[in-house]
Q: 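There's a structure below that I have some questions on.
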Number of protein chains: 2
Amino acid sequence: MPSEIIAGSETTSTVQLPREESWGYQVNHLARLLEGALRDRIARHGVLPGAFAQLLALFERDGLSQSELSSAVHIDPSTMALTVRRMERDGLVTRSPSLRDRRQTEIRLTRHARELQSTLIGRAIEVNDLAKKGVDDADLAVVRRVLAQMIANLLNDVERAPS
Amino acid sequence: MPSEIIAGSETTSTVQLPREESWGYQVNHLARLLEGALRDRIARHGVLPGAFAQLLALFERDGLSQSELSSAVHIDPSTMALTVRRMERDGLVTRSPSLRDRRQTEIRLTRHARELQSTLIGRAIEVNDLAKKGVDDADLAVVRRVLAQMIANLLNDVERAPS
DNA sequence: TGACATTACTTGGCATGCCATGCATACTGT
DNA sequence: ACAGTATGCATGGCATGCCAAGTAATGTCA
């Protein structure tokens, strides 16, 4: 019993799929709203939402290379190249060639970025709190687990469908 | 007890926020994976993922205007202008000025798009099934409800923070 | 060691999204 | 009827994401 196909009228037997039934649609919509809510709260600090996950990764471990950052936040290296350049432009990181491997670029937080750490995390928590307002803690745990499972399922799919 | 602030070491008292704790990060990641999985499955039919929700809306009710389509799928009108043009380019819709209101453009499905309906919905269902593989039905219902609640919470926020 | 493969990053092309602006068309109230 | 407002769409600018292809540096192995 895999899925809910909603038949249209009996006469036409048209196959329908309400947008609310589609995980892609719901998740995409929520993702855009979360990004917007974060953008509203961090713009004044000169940080873009697309740099947020990268900052969190660097807060945990500074000096990562671009490819390490890419894997850490699951973003394509070509996207990371642009994002890191924007972060440099915005005074959040510096880029310096690695000494052990001249292909690599070491990304290091600026003092400014480190000073923003608590503030930025506070803003992210605000967004999280807003999103989960009125939701039961047990349900939140379920959602966390299911989202992780779905991510794992889809990552699996990507790997076994190389191109 | 709103949120889980994870303190770093006792000495530095650095505020940390693992990416896995952030709804924005998880939901964004899942959204990108779902979009990619759909893209892989509908590219051969000449349909882009960014057109999918619009097609679903038009399958339910053909001849919507761009602004009606925008509200239906919660996409900015300026984005819709581009998307509809791509859909026209790809032979999925036609655009014709409305007779009642010359400002409006009526978007109508082509025969080709209508012929793709079942196939496309089948592909979306494949993605949904893949994503929810191994997940309990009761848990899925919880997730659906919580996502809807979060979307409502954030929509609410956007409205009361006009600018 | 020298050919071949791999890795790190960049670049170009494109899709998808938002905001701010501009223009044409409609609507409203006096 | 006309001024002022609102609506529908297009456009420019930008952010964020992907893939494909190119270049430089590194690694591998006969």
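Below, chains carry the letters A, B, ... as their sequence lines are ordered, and counting in each starts from 1. Heavy-atom basis, side chains included; hydrogens, waters and symmetry copies ignored.
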Q: From CG of A:L69 over to P of D:dG17, roughly how many Å is that when rounded to an integer?
A: 13 Å
Q: Which nucleotide in the list C:dT6, D:dA20, D:dA6 gets nearest to the side chain of A:S78?
A: D:dA20
Q: More 5' along DNA chain D: B:D101 or A:I75, using each one's nearest nucleotide?
A: B:D101
Q: Should A:R95 and A:E106 count as an ion pair when the cut-off is N to O under 4.0 Å?
A: no
Q: Regarding A:D62 and A:R114, does a basic nitrogen lie under 4.0 Å from an acidic carboxylate oxygen?
A: yes
Q: Taking five pairs at each end of the helix from C:dT1-D:dA30 to C:dT30-D:dA1, what angle separates the two helix axes (nearest 10°)?
A: 20°
Q: Would you say B:Y25's side chain and A:F52's backbone share a donor-acceptor pair under 3.5 angstrom?
A: no
Q: Per the atom types in the model, does the base of D:dT7 pair as donor or acceptor with the side chain of B:R103 at under 3.5 Å?
A: yes
Q: Just how far, in rounded Å, is C1' of C:dC18 from NE2 of B:H74?
A: 16 Å
Q: According to a strict under-4.0 Å criterion, is B:R85 in side-chain N/O contact with OP1 or OP2 of C:dA15?
A: no
Q: To the nearest Å, how far apart are B:R102 CZ and C:dC27 C1'?
A: 14 Å
Q: Do A:R85 and A:E88 meet the salt-bridge criterion of a basic N to acidic O distance under 4.0 Å?
A: no
Q: Quick one: on DNA chain C, does B:G50 or A:P77 contact a more 5' nucleotide (nearest heavy atom)?
A: A:P77
Q: Within this structure, what is the OH-to-P distance between B:Y25 and D:dT16, rounded to whole angstrom?
A: 15 Å
Q: For a quick check of understanding: with a heavy-atom distance under 4.0 Å over all strands, which category does A:S67 fall into, base, sugar-phosphate or nothing?
A: sugar-phosphate
Q: Look at the side-chain N and O atoms of A:Q66 and state whether any lies under 4.0 Å from the OP1 or OP2 oxygen of C:dT10.
A: yes
Q: Over how many whole Å does the gap from B:R39 atom CZ to D:dG17 atom C1' extend?
A: 9 Å
Q: For the side chain of A:A81, starting at C-beta, report the closest nucleotide among D:dA15, C:dC19, C:dT10.
A: C:dT10
Q: Just how far, in rounded Å, is P of C:dA15 from CG of B:D40?
A: 16 Å
Q: Do B:R145 and A:D139 sit within salt-bridge range, that is, some charged N less than 4.0 Å from a carboxylate O?
A: yes
Q: Expressed in angstrom and rounded to an integer, what is the separation of B:M80 atom CE from D:dC9 atom P?
A: 10 Å
Q: Side-chain N or O of A:R95 less than 4.0 angstrom from OP1 or OP2 on C:dT10?
A: yes
Q: Compare side-chain N and O positions of A:R32 against OP1 and OP2 of C:dC18 and report whether any pair is under 4.0 Å apart.
A: yes
Q: Identify which nucleotide among D:dC18, C:dA15, D:dA15 has an atom closest to any side-chain atom of A:L48, counting heavy atoms from C-beta outward.
A: D:dA15
Q: Do the side chains of B:R32 and B:E35 get close enough for a salt bridge, i.e. N-O under 4.0 angstrom?
A: no
Q: In Å and rounded to the nearest 0.5 Å, what is the CG to CG distance from A:L109 to A:L92?
A: 8.5 Å
Q: Which nucleotide, C:dG17, C:dT16, C:dC9, lies nearest any side-chain atom of A:S65?
A: C:dC9
Q: Does A:T110 reach the main-chain N or O of A:G91 with its side chain, forming a donor-acceptor pair under 3.5 Å?
A: yes
Q: Could you tell me how far apart A:E106 (CD) and C:dC9 (P) are, to the nearest whole angstrom?
A: 10 Å
Q: Whether A:R100 contacts D:dG27 is assessed here as follows: a side-chain N or O lying under 4.0 Å from the phosphate OP1 or OP2. Is that the case?
A: no
Q: Choosing from C:dA8, D:dT16, C:dT16, which nucleotide comes nearest the side chain of A:E35?
A: D:dT16
